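Report on one structure; see the data block that follows.
Excluded from the calculations below are hydrogen atoms, water molecules and symmetry mates; all remaining heavy atoms, backbone and side chain alike, are included. Note on naming: letters A, B, ... go to the chains in the order of the sequence lines (proteins, then strands), and numbering restarts at 1 for each one. A quick note: this is a predicted structure, and the numbers were derived from the prediction, not measured.
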There are 4 protein chains.
Amino acid sequence: MAVAGKSKKDVLLEFRTTEILDAARHVFAEKGFNDATIDQIAALAGVAKGTVYLYFESKRDLFLAALREGVLALHAEVAAQLLTAPTCEAKLRAFIAARFHYFSRNRDFFRIYYTEFSHLPTGAANARPEFKDLYEEQATLLETVLADGIQLGQLRPCSVARTARLIYDLIRSALAQHILTDDPESPDLPINSVFDFVWNGIGTK
Amino acid sequence: MAVAGKSKKDVLLEFRTTEILDAARHVFAEKGFNDATIDQIAALAGVAKGTVYLYFESKRDLFLAALREGVLALHAEVAAQLLTAPTCEAKLRAFIAARFHYFSRNRDFFRIYYTEFSHLPTGAANARPEFKDLYEEQATLLETVLADGIQLGQLRPCSVARTARLIYDLIRSALAQHILTDDPESPDLPINSVFDFVWNGIGTK
Amino acid sequence: MAVAGKSKKDVLLEFRTTEILDAARHVFAEKGFNDATIDQIAALAGVAKGTVYLYFESKRDLFLAALREGVLALHAEVAAQLLTAPTCEAKLRAFIAARFHYFSRNRDFFRIYYTEFSHLPTGAANARPEFKDLYEEQATLLETVLADGIQLGQLRPCSVARTARLIYDLIRSALAQHILTDDPESPDLPINSVFDFVWNGIGTK
Amino acid sequence: MAVAGKSKKDVLLEFRTTEILDAARHVFAEKGFNDATIDQIAALAGVAKGTVYLYFESKRDLFLAALREGVLALHAEVAAQLLTAPTCEAKLRAFIAARFHYFSRNRDFFRIYYTEFSHLPTGAANARPEFKDLYEEQATLLETVLADGIQLGQLRPCSVARTARLIYDLIRSALAQHILTDDPESPDLPINSVFDFVWNGIGTK
DNA sequence: TATGAATGAGAATTCATTCAT
DNA sequence: CATGAATGAATTCTCATTCAT
């Protein structure tokens with residue numbers, strides 16, 4: 001029994017946390033960080049303004065939490081998909097597809113992710129170490145795929161770090177077109193486009 | 001004499017405008033639109049707060065002016081380079097190189113450009129028509145190169161619009177790595193990387 | 001107990017509202033709308049600037065609230081007095097007297113009322129519909145008295161609307177002399193003067 | 001020759017002054033004191049902003065000058081009309097009529113006059129001695145008429161000062177209805193109404 | 001004299017954050 | 001724990017006034 005772990009209190013706590021995070025994600029996605037207000041988030045979460053501060057230190061903190069949570073889920077999903085892919089080519093396609101599918105289901109989150117992670121590599125100026133880590137984890141995933149592919153001779157040799165970054169941003173770019181324009185189509189077409197572009201380039205042979 | 005054109009007054013006016021725009025570019029680049037204040041910009045420009053409003057209607061207007069000016073200069077430079085390139089391959093390389101060179105010389109501007117244009121394709125939500133046009137002009141340039149290349153059989157057939165967007169964002173991504181990390185190296189290496197990636201993809205054959 | 005109605009919270013809310021309105025009335029009376037500042041009002045009310053905005057949407061809104069409240073109270077008092085007056089002559093005198101008495105007790109309010117309602121009949125230009133209504137209610141009261149008086153042959157026939165307006169403004173004028181000069185005398189003398197002037201004119205027979 | 005008086009310089013000076021005063025009157029009438037800007041006035045007068053300050057100390061000063069000028073002209077016209085009226089009754093009617101006619105021709109001015117003079121007797125708070133005098137001069141004119149009328153037995157005895165004020169404000173009230181509603185009718189009707197009201201009161205007998 | 005660019009004090013309003021209940 | 005009233009720092013923008021040319 002002791003293993004059960006979650007008391008009623010814990011459940012409530014987690015519930016509130018989730019509720020607030022969901023509201024935050026929605027409002028931040030809608031209005032952007034600056035134009036979102038704690039009032040709006042609290043209202044949407046169905047709690048009082050002060051309550052938000054019981055769960056999160058500050059507006060910024062809440063924002064980061066919303067971002068982190070989503071990124072972790074994304075990472076888990078992508079990593080899982082990667083495991084099932086046998087070849088390097090399949091892994092690359094899975095990486096792309098997993099991201100498209102995840103964000104298709106979490107469009108609010110994409111807006112935050114997109115905004116914030118574009119600012120990410122701003123180097124020193126940005127000073128957001130928590131983020132860096134989240135990003136690194138993603139990048140590492142892709143870099144491993146690339147490194148393996150090169151080793152196996154299935155990929156042309158290149159700078160793994162640099163190329164991973166390119167692919168990563170390429171996917172983000174294609175996602176932006178797919179998500180931000182509220183394209184209701186299946187993501188299969190852009191997934192193929194991106195993969196084809198990455199794999200074959202645009203030159204004829 | 002009558003041809004002189006610029007009176008002393010005009011010179012001063014232009015000088016002030018430039019001064020303020022430079023300051024704006026710097027502060028906006030440093031802090032982002034929301035965290036930049038007119039006070040800071042005025043101080044950096046060496047004028048009083050009110051003076052800024054003599055030259056620009058509002059904070060937003062100032063921001064857009066800084067952006068527009070840079071984009072127009074960029075566009076002119078890129079277009080010029082494109083003209084001198086004989087083949088489709090050369091044109092694509094020129095497109096990439098021109099952007100790298102321009103932004104290497106205008107790093108402050110890149111930060112603004114990068115931030116704002118990433119938010120661009122947000123569709124209806126964005127409602128910034130002045131921008132759309134600036135972007136379109138750039139995109140068209142690249143699309144023309146692609147369309148010609150396909151016609152000449154030098155490029156694999158693809159969706160011109162979609163591919164142009166991918167390349168465009170790919171360059172932005174590589175630029176971000178180069179510029180935002182304050183990489184002092186010559187941009188030649190990333191230029192080649194990007195071109196190679198675009199042209200050949202990453203797959204072996 | 002359930003009947004109590006006002007919780008502690010309601011009381012506090014009403015108290016704050018009153019406090020702010022009183023302060024507003026005072027400052028607006030002293031300085032006029034434009035030269036009054038929210039800072040001054042907040043300070044006088046003993047609250048922070050932001051608190052004012054918790055109770056009123058804007059400076060203008062606060063001003064109108066102060067005005068409206070006073071006008072409604074005035075109207076109620078005048079209407080009550082009118083009911084107790086038996087004859088047309090008595091009603092007219094009551095109308096005049098009630099206004100003098102009310103404003104003698106609410107001198108701050110008179111200054112606002114005086115300023116704002118003099119601008120009232122500016123026709124279309126004014127565009128303050130909330131006001132128009134408040135004014136109309138007052139005017140109607142007087143018009144009814146006049147119309148009845150004419151019907152009963154106690155008043156000389158005349159344009160009821162026009163005459164009501166004249167009397168209304170006449171009272172305001174006399175009030176201005178009485179209130180704005182801080183005349184400490186009983187208002188009985190000006191009340192009689194005004195009534196006599198209105199009733200008999202100045203010509204000898 | 002020395003009597004000629006006005007050099008070319010003087011003429012220009014007077015011309016500019018008039019031009020600015022006219023513009024000021026118009027803008028102040030349109031927007032009110034606070035919302036009128038020196039820029040607007042200068043533009044309408046066809047001079048540069050700084051020039052206004054060559055002729056008038058401050059915005060307030062300009063406003064007062066516009067007011068003073070109009071009041072003096074009004075006063076002169078009214079005084080002239082009074083001279084031609086033989087009886088007390090005629091003088092009173094002339095006083096009313098002259099004001100209606102003057103303001104019918106100077107509607108812009110009425111708006112300023114109306115606004116400012118309603119605030120006038122605000123006692124100490126107002127501290128505008130220049131005005132007091134302008135007002136007194138007008139009042140004296142009317143008081144003299146009343147005093148004479150009482151002496152001749154054509155008017156019922158009353159407080160001359162108080163009654164003059166009442167009549168004065170009554171006229172203003174009727175004027176407001178006539179002018180501010182842009183009534184295009186001849187002012188004869190309201191002139192008669194006012195006179196009748198003043199002379200006979202509203203009571204029968 | 002005339003100009004109009006520059007100034008900067010000032011004011012309304014917002015909203016993250018705190019804390020007494 | 002939860003609440004939401006209160007706070008007040010911060011920010012944009014305006015415009016009367018000055019002064020170098």
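Residue contacts shown for A/Leu13 are limited to sugar-phosphate atoms, with no base heavy atom under 4.0 Å away. Contacts of A/Phe56 with the nucleic acid, taken as non-hydrogen atoms under 4.0 Å apart, are absent. Residue contacts shown for A/Lys49 include a base, since a base heavy atom lies under 4.0 Å away.
Using a 4.5 Å cut-off on side-chain heavy atoms (C-beta onward), A/Phe28 and A/Leu67 make no contact. Between D/Asn106 and D/Phe110 there is no side-chain heavy-atom pair separated by less than 4.5 Å. With a 4.5 Å cut-off on side-chain heavy atoms, A/Ile38 and A/Tyr53 count as touching. The side-chain heavy atoms of A/Gln40 and A/Lys31, taken from C-beta on, include a pair separated by under 4.5 Å. Using a 4.5 Å cut-off on side-chain heavy atoms (C-beta onward), A/Leu62 and A/Leu21 make contact.
On the nucleic acid side, DNA chain E has its first and last nucleotide under 4.0 Å of a heavy atom of chain D at E/dT1 to E/dA6, going 5' to 3'.
Contact detail for D/Val27 and D/Ala36: the closest heavy-atom pair is CG1-CB, 3.6 Å. Counting all heavy atoms, side chain and backbone alike, B/Ala29 lies closest to B/Asp108 at CB-O, 3.3 Å.
Judged by the 6.0 Å and 45° rule, B/Arg60 forms a cation-pi pair with B/Phe33.
Distance A/Ile20 CD1 to F/dC1 P: 12 Å, rounded to the nearest Å. Rounded to a whole Å, the CG atom of B/Leu54 is 14 Å from the P atom of F/dA16.
Within the helix from E/dA2-F/dT21 to E/dT21-F/dA2, the inter-axis angle between the opening and closing five-pair segments is 10°, rounded to 10°.
DNA chain E lies under 4.0 Å from at least one heavy atom of each of the following residues of residues 33-41 of chain A: A/Ala36, A/Thr37, A/Ile38.
Listed for the A/Thr18 side chain is a donor-acceptor partner under 3.5 Å among the backbone atoms of A/Glu14.
Residue A/Arg16 places at least one side-chain N or O under 4.0 Å from the OP1 or OP2 atom of F/dA2.
Both D/Glu57 and C/Leu12 sit near DNA chain F, but only C/Leu12 has its closest nucleotide nearer the 5' end. With the nearest nucleotide of DNA chain E identified for both B/Tyr55 and A/Tyr53, B/Tyr55 has the one nearer the 5' end. Between D/Lys59 and C/Thr51, the one whose closest nucleotide on DNA chain F sits nearer the 5' end is C/Thr51.
Summarising the geometry, atom CZ belonging to D/Arg111 is positioned 13.5 Å from atom CZ belonging to D/Arg25; distances are rounded to the nearest 0.5 Å.
Ring geometry for A/Tyr113 versus A/Phe109: interplanar angle of 30 to 60°, hence tilted.
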